[in-house]
Amino acid sequence: MQLVYRIMKKVFIFLFICLSNLFSCKKKADIESLFNSVFEMEIGYSADNIIGYASAFKINDDYCLSSAHNVVYKNNNDEYITYSYIVGRVYNSNIKIEFKVNDYNYEDDYVKLVPYQDSKETFNQIKSLSYSISNDYEIGSFCFSVGNLNNCGLSYNTGTISSKLKKIKYHNKENYFIQTSIEISKGVSGCPLFNDKYEVIGIMTFKLRDSNYEYIDGLSFALPLTAVFADNSSY
């Protein structure tokens, strides 16, 4: 009887390890598949005059999303100007898609980018990310981002939701943001913020500075997708 018990115990442990490894591999594969819908962005006046790097992601069949401040700036006359060179590299390839600004809201800090005609066929082959605008995530819940960290290629960064809708004055306007503990740096701005269901819930936008104008680590903010797809009254 004891022999049967020991054998069954070993079988159970073996099956548990196999299932755990299978789940871990599936989770890794699921996360890696998200990379294919995020672009490593080069922004500037031309291919020879790049002024910055950022992230963007495909949200539907028509356009991708990013932060407006990545591609739009104010000139000395307080006029909004869009950069003429906006190019996204497809993950793990040398394929590049050239985009143009379709619509933007500088105060809320989001932009909709559409591909030029020559890049539409490639763009159409890229899968759109799933997203949620319900704001049903909880404080303390797991979240993660996929962005072009310091222009070193896409990276996976994890954290938690620190505050659901934090009211902050940004771009001379009070707005609501998702506060997270995810570390962000140059190049990550405009990347997607995911919940634990692998759904996009926001656009990683900025991090706060202290009184010495130094960035505060572990304190980052994402614009909720409700600001893009719904009226502010939905808050």
Side-chain angles (χ1 to χ4, degrees), residues 35-91 93-120 122-124 126 128-129 131 145-155 168 170-173 175 177-178 184-193 200-207 215 220-229:
F35 280 50
N36 297 320
S37 303
V38 182
F39 300 99
E40 302 164 20
M41 303 299 292
E42 297 177 346
I43 297 147
Y45 301 100
S46 68
D48 298 321
N49 191 5
I50 296 172
I51 56 91
Y53 301 92
S55 305
F57 57 96
K58 185 174 181 181
I59 197 69
N60 58 35
D61 291 339
D62 298 320
Y63 58 83
C64 63
L65 289 174
S66 186
S67 298
H69 72 262
N70 291 329
V71 298
V72 181
Y73 67 95
K74 274 187 177 183
N75 64 14
N76 294 331
N77 297 321
D78 280 341
E79 298 171 325
Y80 291 108
I81 307 296
T82 59
Y83 288 105
S84 53
Y85 183 79
I86 306 171
V87 173
R89 187 169 76 87
V90 178
Y91 172 65
S93 75
N94 292 318
I95 300 172
K96 292 185 177 182
I97 297 177
E98 189 170 358
F99 291 97
K100 59 183 177 181
V101 173
N102 174 257
D103 186 26
Y104 71 89
N105 185 316
Y106 191 80
E107 289 183 334
D108 286 347
D109 205 1
Y110 68 84
V111 62
K112 298 177 182 179
L113 301 172
V114 296
Y116 278 95
Q117 187 65 40
D118 293 345
S119 298
K120 277 190 177 181
T122 303
F123 182 77
N124 291 338
I126 295 171
S128 301
L129 294 171
Y131 63 90
S145 66
V146 175
N148 184 23
L149 186 64
N150 288 318
N151 194 38
C152 293
L154 298 182
S155 63
I168 295 177
Y170 177 71
H171 282 188
N172 298 317
K173 175 188 176 183
N175 210 339
F177 293 91
I178 305 168
I184 64 172
S185 226
K186 289 183 178 180
V188 172
S189 176
C191 83
L193 172 68
V200 180
I201 58 173
I203 306 170
M204 295 300 292
T205 308
F206 69 97
K207 58 194 298 187
Y215 284 115
S220 56
F221 295 87
L223 181 72
L225 286 191
T226 43
V228 179
F229 294 113

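Because the structure is predicted, anything quoted here is derived from the model rather than measured. We count residues from 1, following the sequence as given.
- Using a 4.5 Å heavy-atom threshold, the side chains of Ile168 and Asn175 count as separate.
- With a 4.5 Å cut-off on side-chain heavy atoms, Ile203 and Leu193 do not count as touching.
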Quick one: do Tyr106 and Tyr80 satisfy side-chain contact (heavy atoms from CB on, under 4.5 Å)? Show the steps, please. CA-CA 9 Å; Tyr106 191 80; Tyr80 291 108; 3.4 Å; yes
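- You'll find the ring centres of Phe39 and Tyr91 outside the 6.0 Å limit.
- Interatomic distance, Phe206 CZ to Asp109 CG, rounded to the nearest 0.5 Å: 9.0 Å.
- In this structure, CE on Met204 lies 11.5 Å from CZ on Phe177, to the nearest 0.5 angstrom.
- Taking 4.5 Å as the limit, every side-chain heavy atom of Val87 sits out of range of all side-chain heavy atoms of Phe99.
- To the nearest 0.5 Å, atom CD1 of residue Ile51 and atom OG of residue Ser46 are 11.0 Å apart.
- Going from atom CZ of Phe123 over to atom OH of Tyr63 covers 10.0 Å, rounded to the nearest 0.5 Å.
- Pairing each heavy atom of Asn148 with each of Leu154, the nearest pair is N-CD2, 3.8 Å.
- The main-chain N or O of Cys152 is never found under 3.5 Å from a side-chain atom of Asn150 such that the two would form a donor-acceptor pair.
- For the pair Asn105 (side chain) and Glu107 (backbone), a donor-acceptor distance under 3.5 Å is present.
- Listed here is the closest heavy atom pair of Val228 and Lys112: CG1-CE, 4.2 Å.
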For the pair Phe221 and Ile178, evaluate side-chain contact (heavy atoms from CB on, under 4.5 Å) and give the outcome as yes or no after the intermediate values. CA-CA 5 Å; Phe221 295 87; Ile178 305 168; over 6 Å; no
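- Considering all non-hydrogen atoms of both residues, Asn70 and Ser55 come closest at ND2-O, 4.3 Å.
- Side chains of Val71 and Thr82 form no contact here, defined as non-hydrogen atoms less than 4.5 Å apart.
- Side-chain atoms of Ser145 do not come within 3.5 Å of backbone N or O of Gly147 as any donor-acceptor pair.
- In this structure, Lys100 NZ and Ser119 OG are separated by 10.5 Å, a value rounded to the nearest 0.5 Å.
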Test log, rule side-chain contact (heavy atoms from CB on, under 4.5 Å), inputs Asn102 and Leu113: CA-CA 5 Å; Asn102 174 257; Leu113 301 172; over 6 Å; no
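- A heavy-atom distance below 4.5 Å is found between the side chains of Lys96 and Glu42.
- Summarising the geometry of Pro192 relative to Val146, their closest heavy-atom pair is CD-O, 3.4 Å, with the distance given to 0.1 Å.
- For the pair Tyr53/Glu40, no side-chain contact is recorded, criterion being any heavy-atom separation below 4.5 Å from C-beta on.
- Of the possible donor and acceptor atoms, one in the side chain of Asn75 sits under 3.5 Å from a partner among the backbone N and O of Asn77.
- In the model, Asn124 has no side-chain atom that pairs as donor or acceptor with a side-chain atom of Asp61 under 3.5 Å.
- Closest approach of Leu149 and Ser185 over heavy atoms only: CD1-CB, 3.4 Å.
- Put simply, OG1 on Thr205 and NE2 on His69 are 7.5 Å apart, with the number rounded to the nearest 0.5 Å.
- Side-chain atoms of Val101 and Ile86, non-hydrogen and from C-beta on, do get closer than 4.5 Å to each other.
- Aromatic ring centres of Tyr85 and Tyr45: separated by at least 6.0 Å.
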Show your working on ring pair (Phe, Tyr, Trp, His ring centres under 6.0 Å) between Phe229 and Tyr131 and close with a plain yes or no. CA-CA 11 Å; Phe229 294 113; Tyr131 63 90; 5.1 Å; yes
Decide side-chain contact (heavy atoms from CB on, under 4.5 Å) for Val90 and Ile126; before the verdict, give the C-alpha distance in whole Å, the side-chain angles of both, and the deciding distance to 0.1 Å. CA-CA 9 Å; Val90 178; Ile126 295 171; 4.0 Å; yes
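- Taking every heavy atom of both residues into account, Ala56 and Cys64 meet most closely at CB-SG, 4.2 Å.
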